[in-house]
Amino acid sequence: MRQTWIAVLLIGCSDYDLHRPDDPELGAEEYEEPEPEVPSDDPDIEVEPMTLDFGSVMKDCWGAPLTVTVTNKGKADLAVEDIMLTGDGASAFSLIGVDESGVLLAQDESMAFEVNFNPNAWLDYDLHVDVLSNDPDESRVRVDTLGTGARGSLYEEDFVQEYNEEVDVLWVVDNSCSMSDEVSRIASNFNTFIDEFIRLDLDYHIGVITTDMVDSNDQGRLQGPFITPSTPDPQGAFTQQTDQGSSGSADEQGFAAVQSALSDPLLSGHNAGFLREDAALSVIVVSDEDDSSGISAGNFTNFLFGLK
């Protein structure tokens with residue numbers, strides 16, 4: 001047999017009332033079953049939700065559409081006669097899935113439509129979506145509609161990164177004249193970077209190349225033996241390899257340098273042993289200029305996918 005228990009807790013006091021509703025000595029006379037809701041003989045509109053909040057959306061960009069559901073809770077047919085946007089800034093919103101000729105809903109029948117937001121100014125928008133019907137008590141239901149046209153938005157993405165005990169890390173460092181301060185900061189903070197590799201007990205290869213594709217000593221060539229867990233002084237080795245001066249080509253070609261470093265003849269020659277078949281590959285580029293390789297981002301991505 002199923003038994004129903006009622007518990008009453010008064011916050012801030014040690015007063016607990018735990019009883020069964022079928023026990024008269026424990027307060028069953030105070031328990032009343034809620035009366036079932038009786039449908040109205042007339043049309044009875046229900047709109048959910050009653051507030052739409054799009055949050056911040058970048059100007060001239062589309063936000064994620066929000067859905068509104070209209071249901072008839074009455075016995076008589078509900079005629080949804082019109083759905084409209086009202087208020088200042090309505091031109092930044094649009095309705096999708098609305099039948100301009102109207103919709104007739106029987107008892108417990110529903111319809112849904114979407115509201116889209118495309119802000120055309122850096123403003124806070126506050127208007128309404130009005131649903132008009134033949135409900136005698138609520139002929140106009142207003143859904144508060146809010147949104148902000150923003151100069152920038154924050155997007156958060158969660159993902160699970162696969163763990164690989166072997167990792168090859170290729171640093172691509174801009175060695176042109178504008179990078180001396182940045183290169184110094186990279187070297188001085190390398191311990192923070194390598195400490196995580198040591199803590200995770202990774203089998204790592206760390207190599208350094210430059211963005212210079214003019215000097216024959218660069219062009220994707222590793223600037224010293226790649227660093228491994230057996231390197232006696234990884235900090236010193238990394239500092240020496242990243243400190244390639246500031247007289248490198250001002251025509252930064254990071255994409256081309258990576259392709260050269262990870263392709264033959266360098267891959268089987270000067271850079272032999274750096275890239276391992278079963279290791280994860282990470283490429284870190286440090287530069288203050290756009291890439292000038294003449295290679296599209298899509299083609300560069302396909303090159304990396306082809307390696308792994």
Nearest heavy-atom neighbours spanning [X] and [Y]:
X: Arg185; Y: Ser188; answer: O-OG, 3.0 Å
X: Thr228; Y: His205; answer: CG2-CD2, 3.7 Å
X: Asp77; Y: Ala106; answer: OD1-CA, 3.6 Å
X: Met84; Y: Asp82; answer: CE-OD2, 3.0 Å
X: Asn134; Y: Ala79; answer: OD1-N, 2.8 Å
X: Val167; Y: Ser282; answer: CG2-OG, 4.3 Å

Rounded to the nearest 0.5 Å, what's the gap from [atom1] on [X] to [atom2] on [Y]? Could you check?
X: Ser260; Y: Arg221; atom1: OG; atom2: CZ; value: 9.5 Å
X: Lys308; Y: Leu262; atom1: NZ; atom2: CG; value: 9.5 Å
X: Leu222; Y: His270; atom1: CG; atom2: NE2; value: 5.5 Å
X: Tyr204; Y: Asp168; atom1: OH; atom2: CG; value: 12.5 Å
X: Asn191; Y: Ile198; atom1: CG; atom2: CD1; value: 8.0 Å
X: Leu66; Y: Asp53; atom1: CG; atom2: CG; value: 8.5 Å

Checking [Y] against [X]: is there a side-chain donor and acceptor pair closer than 3.5 Å?
X: Asp212; Y: Ser249; value: no
X: Ser139; Y: Asp135; value: no
X: Thr210; Y: Gln223; value: no
X: Ser296; Y: Asn299; value: yes

Should the heavy atoms of other residues, nucleotides or ligands under 6.0 Å from [atom1] of [X] be counted, would the total exceed 12?
X: Asn189; atom1: CG; value: yes
X: Asn302; atom1: CG; value: yes
X: Glu109; atom1: CD; value: yes

Kindly work out whether a path of hydrophobic side-chain contacts (I/L/V/M/F/W/Y, heavy atoms less than 4.5 Å apart) joins [X] to [Y].
X: Leu304; Y: Ile209; answer: yes
X: Phe226; Y: Leu307; answer: yes
X: Val70; Y: Leu85; answer: yes
X: Ile194; Y: Val169; answer: yes

- Would Glu81 and Ser133 satisfy side-chain contact (heavy atoms from CB on, under 4.5 Å), going step by step from the backbone distance to the final call? CA-CA 5 Å; Glu81 298 163 351; Ser133 72; 5.6 Å; no
- Message: Which label fits Phe93 and Phe117: parallel for a plane angle under 30°, tilted from 30 to 60°, or perpendicular past 60°?
- Response: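 Correct class here is parallel.
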For the residue pair [X] and [Y], establish whether any side-chain heavy-atom pair is separated by less than 4.5 Å.
X: Asn116; Y: Trp62; answer: yes
X: Ile284; Y: Leu170; answer: no
X: Asn118; Y: Asn120; answer: no
X: Tyr125; Y: Thr145; answer: no
X: Leu132; Y: Ile83; answer: no
X: Leu127; Y: Asp88; answer: no
X: Val68; Y: Leu52; answer: yes
X: Phe274; Y: Pro225; answer: no

- Message: The criterion is salt bridge (Lys or Arg N to Asp or Glu O under 4.0 Å); which residues satisfy it with Arg140, sequence neighbours excluded?
- Response: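 By the salt bridge (Lys or Arg N to Asp or Glu O under 4.0 Å) rule, Arg140 matches Asp130.
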- Message: Set out, in order, the CA-CA distance, both residues' side-chain angles and the distance that settles ring pair (Phe, Tyr, Trp, His ring centres under 6.0 Å) for Phe193 and Trp171, then state yes or no.
- Response: CA-CA 12 Å; Phe193 177 81; Trp171 284 77; 5.2 Å; yes
- Query: For the side chain of Thr242 and the backbone of Phe238, is there at least one donor-acceptor N/O pair under 3.5 Å apart?
  - Reply: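 Yes, because the side chain of Thr242 sits within donor-acceptor range (under 3.5 Å) of the backbone of Phe238.
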- Message: Among Val129, Ile96, Asp99, exactly one meets side chain to side chain contact (heavy atoms under 4.5 Å, CB included) together with Phe113. Which residue is that?
- Response: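 It is Val129, the one option of Val129, Ile96, Asp99 that forms the side chain to side chain contact (heavy atoms under 4.5 Å, CB included) with Phe113.
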- Task: Inspect the contact between Lys75 and Asp42 and indicate whether a charged nitrogen and a carboxylate oxygen are less than 4.0 angstrom apart.
- Result: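 No, this pair does not count.
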- I would like to know whether Val141 and Met50 meet side-chain contact (heavy atoms from CB on, under 4.5 Å); could you show each step before the answer? CA-CA 9 Å; Val141 177; Met50 291 298 293; 3.7 Å; yes
